[in-house]
K.L.:
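One structure coming up, written as structure tokens, with questions to follow.
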Amino acid sequence: MYKIMFVDDEEQNLFLMEKIIDWEEMGFRVCGIALDGEEGIQVFEETEPDVVFVDIRMEEMNGLELIENYDPSTDLIFLDIQMDQMDGLE
């Protein structure tokens, strides 16, 4: 089973990413979540995930700055969810 983690400064996004998909059915186990880049580095080092979903736009450390600290063998998926652009898509 592959390990995945999520890094996003919006708690709502973290909750949705973790809960909306049955990750175990797809062969993944959520091993960590982080609310900012600094926490993301810490969780990454502790859990050594195979795949990381990273928000590009975060306050203190953006997703591009964050990945400079990751193992290059880790698969990264970048996210950029703008809630104000979601109006009318329901």
Side-chain angles (χ1 to χ4, degrees):
M1 188 164 287
Y2 294 102
K3 296 186 294 183
I4 59 172
M5 75 174 268
F6 304 104
V7 184
D8 195 317
D9 59 349
E10 297 287 335
E11 282 188 70
Q12 177 182 341
N13 293 345
L14 287 174
F15 177 79
L16 289 173
M17 287 185 289
E18 184 178 6
K19 303 295 182 189
I20 203 164
I21 295 172
D22 186 351
W23 293 106
E24 288 190 10
E25 181 179 306
M26 298 175 63
F28 294 93
R29 179 177 62 83
V30 177
C31 67
I33 59 172
L35 279 167
D36 60 45
E38 292 294 326
E39 184 181 7
I41 293 169
Q42 180 181 358
V43 172
F44 179 85
E45 291 172 351
E46 292 171 0
T47 62
E48 299 180 348
D50 300 298
V51 179
V52 180
F53 288 78
V54 181
D55 182 10
I56 287 285
R57 299 178 195 208
M58 294 186 288
E59 294 285 324
E60 299 297 318
M61 177 187 297
N62 70 43
L64 297 176
E65 294 167 329
L66 174 63
I67 65 163
E68 293 174 2
N69 297 284
Y70 282 9
D71 180 334
S73 68
T74 303
D75 291 325
L76 301 166
I77 299 172
F78 292 102
L79 304 171
D80 185 21
I81 301 169
Q82 298 298 312
M83 296 309 288
D84 60 333
Q85 295 175 1
M86 298 292 288
D87 292 340
L89 296 179
E90 300 151 0

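All residue numbers in this chain count up from 1 along the given sequence.
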K.L.:
Within this structure, what is the CG-CG distance for the pair Leu16 and Asp8, rounded to the nearest 0.5 Å?
P.N.:
10.0 Å
K.L.:
Which side-chain N or O atoms in residues 24-39 pair as donor and acceptor under 3.5 Å with protein atoms at least two apart or in another chain?
P.N.:
residue, atom, partner, partner atom, Å
Asp36, OD1, Glu38, N, 3.1
Asp36, OD1, Glu39, N, 2.7
Glu39, OE1, Leu35, N, 2.9

K.L.:
Which pairs count as ring-ring contact (aromatic ring centres under 6.0 Å, His included) when at least one residue sits in residues 29-48, sequence neighbours excluded?
P.N.:
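Found Phe44-Tyr70.
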K.L.:
Which pair of heavy atoms, one from Met5 and one from Gly40, lies closest together, and at what distance?
P.N.:
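Looking at all heavy atoms of both residues, the shortest contact is CE-O, 3.6 Å.
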K.L.:
Grouping I, L, V, M, F, W and Y whenever their side-chain heavy atoms are under 4.5 Å apart, do Phe15 and Ile20 come out in a common cluster?
P.N.:
no
K.L.:
Among Val52, Ile41, Leu14, Val43, find the residue that satisfies the side-chain contact (heavy atoms from CB on, under 4.5 Å) test when tested with Val7.
P.N.:
Val52
K.L.:
For Glu18, check side-chain hydrogen bond (donor to acceptor under 3.5 Å, both in side chains) against everything at least two apart and list the hits.
P.N.:
none
K.L.:
Please name all residues satisfying ring-ring contact (aromatic ring centres under 6.0 Å, His included) with Phe53, sequence neighbours left out, ordered by chain then number.
P.N.:
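Testing Phe53 for ring-ring contact (aromatic ring centres under 6.0 Å, His included), a comparison that skips the adjacent residues, returns Phe6, Trp23.
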